[in-house]
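Reminder, nothing fancy here: chain letters follow the sequence lines and each chain counts from 1. We use all heavy atoms of the structure for the numbers below, so side chains are in, but hydrogens, waters and symmetry mates are not.
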There are 2 protein chains.
Amino acid sequence: MGTRRQLEGLPEDADLRRADSLAREIFSDVANKWALLIIEALGDRTLRFSELRDEVDGISHKMLTQNLRMLERNGLLDRRIHPTVPPKVEYTLTGPGRALRTTIDAMCAWTHRNLTHIEASRNRFDT
Amino acid sequence: MGTRRQLEGLPEDADLRRADSLAREIFSDVANKWALLIIEALGDRTLRFSELRDEVDGISHKMLTQNLRMLERNGLLDRRIHPTVPPKVEYTLTGPGRALRTTIDAMCAWTHRNLTHIEASRNRFDT
DNA sequence: CCGGATCCAATATGATACTG
DNA sequence: CAGTATCATATTGGATCCGG
């Protein structure tokens, strides 16, 4: 493991640092309320922009487009434009997107399993 | 399932709505970069405030306290104050906190598994 | 219908100074 | 050392208008 590293300088360290900062960047993109809710809402369906806006409760036009662009850029969803009039744009999770969704599912399940514990803790704390 | 509901009015619906809005609230608290990174950094260790600040790369004093308070309020971590001088405060994940951590672990693993796919997708998109 | 651009308000965040 | 308070700044988010 350390051999090549010693011969060639510090390329492995540099690679690791680059990978880490990239991982952190991706994490910062993905680990936000709207992105996670969008992925969860999409599931394994194919939805139009307006359908997504209806599904994700409380999201604004702007946040939806912004996050959809970001998720598309990161390859988590496909954006398919139908050249009709009026235009029709459909979104579908990609393989990696669906994989991430299963972890979000786990998070949602966790939330529901712990609703009462959390509510109780909040009441205790707020006094 | 619908019987009691019809007899008593709509209590189950009301309960469900309340549970949903609570779930959403909790999700909004937890699904943010700093909260997730703090939980992940803590793992099953017990760390002091200053140790956590060192572990969570780039977090500010303020964001750390703010998120620690929030996580404590939601019962995801314990805050133990040692009445010494200088003061010493230690943080540990609770049961629910540790359970949530396993889902965050999955998310981190996903990130690393998909680094190259995502980087490639980004490069494609940015042209 | 989709989504970009703009303007404006609200909020998040960082730096700093101060207290027990 | 841990935490609060304050202020300045940056970022987010919402409303709205316009163009393809």
Is there a donor N/O on one and an acceptor N/O on the other, under 3.5 Å, for the side chain of H61(A) and the base of dG14(D)? no

Under the salt bridge (charged side-chain N to carboxylate O under 4.0 Å, His left out) rule, what pairs show up with a residue in residues 102-127 of chain A, not counting sequence neighbours? R101(A)-D105(A), E119(A)-R18(B), R122(A)-E25(B), R122(A)-D29(B), D126(A)-R73(B)

N/O to N/O distances under 3.5 Å, protein versus nucleotides 9-13 of chain D:
from    : atom 1 : to     : atom 2 : distance (Å)
dG13(D) : N7     : K62(A) : NZ     : 3.1
dG13(D) : O6     : K62(A) : NZ     : 3.4

Side-chain heavy-atom pair [X], [Y] within 4.5 angstrom cut-off:
{"X": "L77(A)", "Y": "I39(A)", "answer": "no"}
{"X": "R80(A)", "Y": "V89(A)", "answer": "no"}
{"X": "I59(A)", "Y": "K33(A)", "answer": "no"}
{"X": "L100(B)", "Y": "M107(A)", "answer": "yes"}

Once you round to the nearest 0.5 Å, how far does [atom1] of [X] lie from [atom2] of [Y]?
{"X": "I26(A)", "Y": "N74(A)", "atom1": "CD1", "atom2": "CG", "answer": "6.5 Å"}
{"X": "R45(B)", "Y": "L47(B)", "atom1": "CZ", "atom2": "CG", "answer": "4.5 Å"}
{"X": "L37(A)", "Y": "N67(A)", "atom1": "CG", "atom2": "CG", "answer": "9.5 Å"}
{"X": "I38(A)", "Y": "L64(A)", "atom1": "CD1", "atom2": "CG", "answer": "5.0 Å"}
{"X": "H112(A)", "Y": "F27(B)", "atom1": "NE2", "atom2": "CZ", "answer": "10.0 Å"}

What range of DNA chain C does chain A touch, first nucleotide to last, counting atoms under 4.0 Å from its heavy atoms? dC1(C) to dC7(C)

Without decimals, in angstroms, what is the distance between L64(B) CG and dA2(D) C1'? 10 Å

Heavy atom of residues 37-57 of chain B under 4.0 Å from DNA chain D: which residues? R48(B), F49(B), S50(B)

So if I take residues 69-82 of chain A and measure heavy-atom distances to DNA chain D, which residues fall below 4.0 Å? none

Please name the pair of heavy atoms, one in A23(B) and one in T111(A), separated by the smallest distance, quoted to 0.1 Å. O-CG2, 3.7 Å

By a strict heavy-atom criterion of less than 4.0 Å, which residues belonging to residues 87-94 of chain A are in contact with DNA chain C? P87(A), V89(A), Y91(A)

For T92(B) and T46(B), test the side chains for any donor-to-acceptor distance below 3.5 angstrom and give the result as yes or no. yes

Same hydrophobic cluster for L68(A) and I81(A), using side-chain heavy-atom links shorter than 4.5 Å among ILVMFWY? yes

Mind checking whether H61(A) and F49(A) have ring centres under 6.0 Å apart? yes

